[in-house]
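Worksheet: the structure to be examined is printed underneath.
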Amino acid sequence: MFFQKEIETMPRADLEKLQLERLKESVKRASNVPVYKKKFEEAGITPDDIKSLDDLKKFPFTYKADFRDNYPFGMYAVPMKDIVRVHASSGTTGKPTVVGYTKNDIDMWSDLVARVAVAAGVTNEDVVHVAFGYGLFTGAFGLHYANEKIGATVVPMSSGNTEKQLMLLQDFGATVLVATPTYALYLSEVAKEKGIVDKLKLKIGLFGAEGCSAGMREQIERNFGIIATDNYGMSELIGPGVSGECKFRCGLHIAEDHFIAEIIDPATGEVLPAGEEGELVITSLTKEALPVIRYRTGDITSLNYDVCECGRTHVRMAKVRGRSDDMLIIKGVNVFPSQIEGVLMNINHISPHYMLEVRRENFSDSLTVIVELIDEKLLERFQELDALRNEIRAKLRTVLGIDAKIKLVSPNTVERFQGKAKRVIDLRDKD
Ligand code: DLL
């Protein structure tokens, strides 16, 4: 199913022609912003130097720090009177990253998220329960307007209050759940415990805003009896709608008529050949309020340009493996939390809720994986407990190449998250 079939299945040659035309315009728009003007001058490059898509490489990168340094509105390329909406991404410390939209930007944004929702099977017959937090976060509003545009019935539930979420999911007959995978998992477990899964009409999960291992997704799908797709985005780029899976779930189609994707080596900044894994860099082609040129997303993925079985021609990015900045370096070894999750999801007797604690002990890093047991009684059966601990440690060693301490804890003692999960506690600077 397509929301904008002609564009979504456009032959690559036509798509690239469109991208080139739009790229020239986007770079021109960006050069109205003092930060970009300065960057371009320093690099000795002007918008007129763009003759082919390959010329994009000559432009300097844009970083999250550029947004911070120009807080709150210094990255806007249009006067404030043309800005109709402001959002911001939740920085855990300091000032948030502020973004803005013109009327056209909002319209384009809704179209792109609608593509993702329709690709997952959403129609005007659906009741869409949005359990993302409404507010400065882009997730809720992004999914809200897109699903309205499709003609679905939108329930702007917001996050929190799990009991009420379940009551309304049931009473309003929601068929689509929009949430972070972590919160969807929690909701599904509580629904199971309460024995109300059979009373729900859910069919589709639209999950995004954070990564989710295949094992965790399967668990949510099993608990709820749904099919879930993954969608990706980031406030600086637009919010959700940058890319999303189709029903074949073999990569997330990037809306290439509005964005150009590159993969670079995060250490050298060099563009990597198609198929190689590295950091995703995105250039916006149509954004009016906030053009971004070669934005360093920090997200690690790879690109696949083969036409998908669904007929979409737009490039597919692999599920995000992690952010370059949430990669832990433990005893010199690069460890992504997603790798640990991948291992834990395939082990019996433990719940999918976990935390990672990193410390520095005797001048050496140590990783503790805190995992919740499903059955409290196991805590009294020392031999079995020991065997389980050893199994987890051995499996993690095979995948990560390092030894981790395993702490098994009682059911329901690991924190549950209602938005994006924060599973890593890095105490190395604090010890
Ligand atoms: O999370 C936008 C969004 C909302 C996307 C709802 C999808 C659904 P930010 O709060 O700015 O924006 O966070 C962006 O979240 O750089 C990734 O590291 C991570 N992220 C977002 N979607 C995914 C995903 C929104 N599907 C940051 N898989 C990004 C993995 C994701 N990571």
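Residues: numbered from 1 along the sequence shown. Both counts, for ligands and for their atoms, begin at 1 and track the order of listing. Only this structure's heavy atoms are used, side chains among them; waters, hydrogens and symmetry mates stay out.
Note: Phe40 and Tyr36 have tilted aromatic rings, judged against thresholds of 30 and 60 degrees for the angle between ring planes. Using cut-offs of 30° and 60° on the angle between ring planes, the pair Phe141 and Tyr145 is parallel.
Short contacts between ligand 1 and Asn231, defined as distances under 4.0 Å to a heavy atom of the residue, involve ligand atoms 7 (C), 8 (C), 22 (N), 24 (C), 26 (N). Near Gly211, meaning under 4.0 Å from any of its heavy atoms, are these atoms of ligand 1: 28 (N), 30 (C), 32 (N). Short contacts between ligand 1 and Asp230, defined as distances under 4.0 Å to a heavy atom of the residue, involve ligand atoms 24 (C), 26 (N). Heavy-atom contacts of Met234 reach the following atoms of ligand 1: 2 (C), 11 (O), 12 (O), 14 (C), 16 (O) (cutoff under 4.0 Å). Proximity to Ser235 (heavy-atom distance under 4.0 Å) selects the following atoms of ligand 1: 9 (P), 10 (O), 11 (O), 12 (O).
Checked against a 3.5 angstrom limit, the closest N/O atoms of Ala209 and ligand 1 fall inside it. Where the criterion is an N or O separation shorter than 3.5 Å, residue side chain and backbone included, Ser89 fails it with respect to ligand 1.
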Acceptor/donor pairs from residues 224-234 side chains to any protein atom, 3.5 angstrom cut, sequence neighbours excluded:
{"unit_1": "Asp230", "atom_1": "OD2", "unit_2": "Lys319", "atom_2": "NZ", "d": "2.9"}
{"unit_1": "Asn231", "atom_1": "ND2", "unit_2": "Phe207", "atom_2": "O", "d": "3.2"}
{"unit_1": "Tyr232", "atom_1": "OH", "unit_2": "Asp299", "atom_2": "OD2", "d": "2.6"}

What side-chain donor-acceptor pairs closer than 3.5 Å can you find for residues 257-266, not counting sequence neighbours?
{"unit_1": "Asp257", "atom_1": "OD1", "unit_2": "Arg115", "atom_2": "NH1", "d": "3.0"}
{"unit_1": "Asp257", "atom_1": "OD2", "unit_2": "Arg115", "atom_2": "NH2", "d": "2.7"}
{"unit_1": "His258", "atom_1": "ND1", "unit_2": "Thr286", "atom_2": "OG1", "d": "2.7"}
{"unit_1": "Glu262", "atom_1": "OE1", "unit_2": "Arg294", "atom_2": "NE", "d": "3.0"}
{"unit_1": "Glu262", "atom_1": "OE2", "unit_2": "Arg294", "atom_2": "NH2", "d": "3.0"}
{"unit_1": "Asp265", "atom_1": "OD1", "unit_2": "Ala267", "atom_2": "N", "d": "2.8"}
{"unit_1": "Asp265", "atom_1": "OD1", "unit_2": "Thr268", "atom_2": "N", "d": "3.4"}

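A donor-acceptor pair shorter than 3.5 Å cannot be found between the side chains of Ser159 and Gln418. With hydrogens and angles left out, the side-chain atoms of Thr102 and Asp82 include no donor and acceptor closer than 3.5 Å.
Using a 4.0 Å cutoff on heavy atoms, Lys319 does not count as a contact of ligand 1. The shortest separation from a heavy atom of Phe207 to ligand 1 is not under 4.0 Å, leaving the residue out of contact.
Ring centroids of Phe132 and His144 are separated by 6.0 Å or more, keeping the two rings apart.
Counting heavy atoms only, Gly233 comes closest to atom 14 (C) of ligand 1 of the residues Gly322, Gly419, Ser243, Gly233. The closest non-hydrogen atom to atom 15 (O) of ligand 1, taken over Lys64, Lys420, Glu210, Arg323, comes from Lys420.
At a heavy-atom distance under 4.0 Å, only side-chain atoms of Thr138, from C-beta outward, approach ligand 1.
Between Asp403 and Arg397, at least one side-chain N (NZ, or NE/NH1/NH2) sits under 4.0 Å from a carboxylate O, which counts as a salt bridge.
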